[in-house]
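In what follows, a single structure is set out as structure tokens and then discussed.
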Amino acid sequence: MHQLAQTRAFRRFWEVAGGVSIRVKVLGIVIGVIVLLAVFVAVHMRSTLFSTLRHELEHQGGALSVNLAAQAHDLLEQDAPDELVTYLHERKAHFSSETHNTIVDYIIVIDSSGALIAHTFDDDLPTELEPFLTAVPAVSAGQDVAPQAVTFAGKDVLDLASPMPGGGFVRLGLGEANIHQTVNTVTLQIFTITVLMIAIGFAAAFFLTWILTRPIYDLVEATQAIARGDLNRRVGRWANDELGDLAVSFNDMADSLANADRERRERELLREQYVSGVIIAQEDERKRIARELHDSTSQSLTSLLVGLQ
């Protein structure tokens with residue numbers, strides 16, 4: 001049953017596709033290939049570009065978090081918590097400026113027990129981040145901590161943690177808004193180029209299909225003319241390709257049909273002449289027989305009259 005449904009669907013599709021002109025088919029193939037290629041390129045470029053920018057952001061954030069961890073450790077050793085907070089806010093504002101390609105959403109300093117020491121939030125630490133940011137990675141100073149993706153205030157944030165030499169961690173949250181903006185800009189550019197390529201491809205495909213299908217339409221018109229009895233119709237050879245060979249073959253066929261028609265007409269004329277000769281001969285024979293019968297009858301009557309007298 002399922003196979004029968006598939007067969008009917010295929011036949012229906014083939015009926016619809018077969019009813020479309022060859023020009024529409026060629027144009028559809030060209031535009032379809034361009035669109036599929038553009039979609040593949042856009043998806044691949046988005047994925048590759050996002051991965052590359054994400055990797056660069058991780059590398060940049062890792063170097064920045066290591067530097068922040070070292071500076072925070074020095075300030076904690078100097079027992080200057082206020083200066084630490086000021087330093088964190090200054091670093092956040094500095095690296096979030098237009099001269100840098102980063103967005104620092106937060107910087108948090110945590111001691112070895114997980115207690116919060118300092119942060120860059122104006123108010124208290126957001127409740128939605130407390131379980132995640134106060135978690136102490138089980139690594140030592142100098143070891144790399146795997147970055148984590150965090151959703152914060154409706155934004156995608158890349159969280160990086162760097163251990164301080166004396167214990168504790170500095171957690172750095174870098175926003176991915178620039179990455180998404182760059183990826184969307186490149187996608188829009190690809191879309192614009194795709195539309196332009198579709199326009200150019202449509203014009204080129206239309207011109208090419210006109211060149212390819214014009215001989216075919218000429219052959220169709222000539223075939224219809226011959227079917228109506230116009231055996232003098234011929235087509236020109238556009239190029240020395242398969243269509244040109246087809247045009248020559250068509251003209252040869254038309255010549256053969258014209259010769260056959262001429263021979264048929266000659267045979268019909270000869271047959272009419274023959275039939276006319278036969279009819280004339282039959283009429284002459286009937287006249288001769290009638291004359292003979294008339295003369296014979298007259299002689300017999302004359303002889304009878306003479307005998308009666």
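Between atom NE2 of residue H89 and atom NE2 of residue H119 there is a gap of 7.5 Å, rounded to the nearest 0.5 Å. Taken to the nearest 0.5 Å, the CE atom of M164 stands 11.0 Å off from the CG atom of L68. Atom CZ in F95 sits 7.0 Å away from atom OG1 in T102 (nearest 0.5 Å). Note that CD of Q181 and CG of L188 are 11.5 Å apart. Values are rounded to the nearest 0.5 Å. Within the model, atoms CZ of R54 and CD of E56 stand 13.0 Å from one another, a figure rounded to the nearest 0.5 Å. Atom CD1 of I117 and atom CD1 of I108 lie 11.5 Å apart (nearest 0.5 Å).
In R265, the CZ atom is not crowded: 12 or fewer heavy atoms of neighbouring residues, nucleotides or ligands sit closer than 6.0 Å. Within a 6.0 Å sphere centred on CD of E221, other residues, nucleotides and ligands contribute more than 12 heavy atoms.
A chain of hydrophobic side-chain contacts below 4.5 Å, direct or via other Ile, Leu, Val, Met, Phe, Trp or Tyr residues, connects Y106 to L116. Taking hydrophobic clusters as Ile, Leu, Val, Met, Phe, Trp and Tyr residues chained together by side-chain heavy-atom distances below 4.5 Å, I193 shares a cluster with I198. In the hydrophobic clustering of ILVMFWY residues, with side-chain heavy atoms under 4.5 Å counting as a link, V30 and V195 come out apart. Hydrophobic clustering (side-chain heavy atoms under 4.5 Å, transitive across Ile, Leu, Val, Met, Phe, Trp, Tyr) groups V183 together with V41. I29 and V35 are members of different hydrophobic clusters when ILVMFWY side chains are connected at heavy-atom separations under 4.5 Å.
Under the 4.5 Å side-chain criterion, counting only non-hydrogen atoms from C-beta, L88 is not in contact with R91. Between R46 and N184, the closest side-chain pair of non-hydrogen atoms falls below 4.5 Å. Inter-residue side-chain proximity for T182 and F50 is flagged as unmet; no heavy-atom pair is nearer than 4.5 Å. Looking at heavy atoms from C-beta onward, D159 lies in side-chain contact with R171 at the 4.5 angstrom threshold. You'll find the side chain of V157 stays beyond 4.5 Å of the side chain of E176, heavy atoms only. A heavy-atom distance below 4.5 Å is not found between the side chains of L174 and E58. Using a 4.5 Å heavy-atom threshold, the side chains of V275 and R271 count as touching. Residues E268 and R264 form a side-chain contact, since some pair of their non-hydrogen atoms from C-beta on lies under 4.5 Å apart.
In this structure, K155 contributes its side chain and A177 its backbone to no donor-acceptor pair below 3.5 Å. Although no hydrogens or angles enter the test, the distance criterion places a donor-acceptor pair under 3.5 Å between the side chain of N259 and the main chain of D255. For S47 (side chain) and V43 (main-chain N/O), no donor-acceptor pair under 3.5 Å exists by modelled atom type. S65 places a side-chain N or O within donor-acceptor distance of the main-chain N or O of G62, the cut-off being under 3.5 Å. One N or O on the side chain of S256 and one on the backbone of D252 form a donor-acceptor pair closer than 3.5 Å. Of the possible polar contacts, one joining the S96 side chain to the V104 backbone as a donor-acceptor pair under 3.5 Å is found.
Using a 30° and 60° split on the angle between ring planes, F206 and F202 fall in the parallel class, below 30°.
Nearest heavy-atom pair across V170 and A72 is CG2-CB, 4.0 Å. In plain terms, the two heavy atoms of S162 and V66 that are nearest each other are OG-N, 3.5 Å. Taking both residues in full, the closest heavy atoms of L64 and L172 are given as CD2-CD2, 3.7 Å, listed atom of the first, atom of the second, then distance. The shortest heavy-atom contact between A69 and P165 is O-CD, 4.3 Å. Heavy atoms only, all atoms of each residue included: I190 and A38 are closest at CG2-O, 4.3 Å. Residues Y87 and N67 come closest through the heavy atom pair OH-OD1, 3.7 Å.
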>> side-chain contact (heavy atoms from CB on, under 4.5 Å) for N178 and L53? Distances and angles first, verdict last.
In response: CA-CA 9 Å; N178 288 342; L53 295 178; over 6 Å; no
>> For T187 and M45: C-alpha separation, side-chain torsions, deciding distance, then whether side-chain contact (heavy atoms from CB on, under 4.5 Å) applies.
In response: CA-CA 8 Å; T187 304; M45 284 294 296; over 6 Å; no
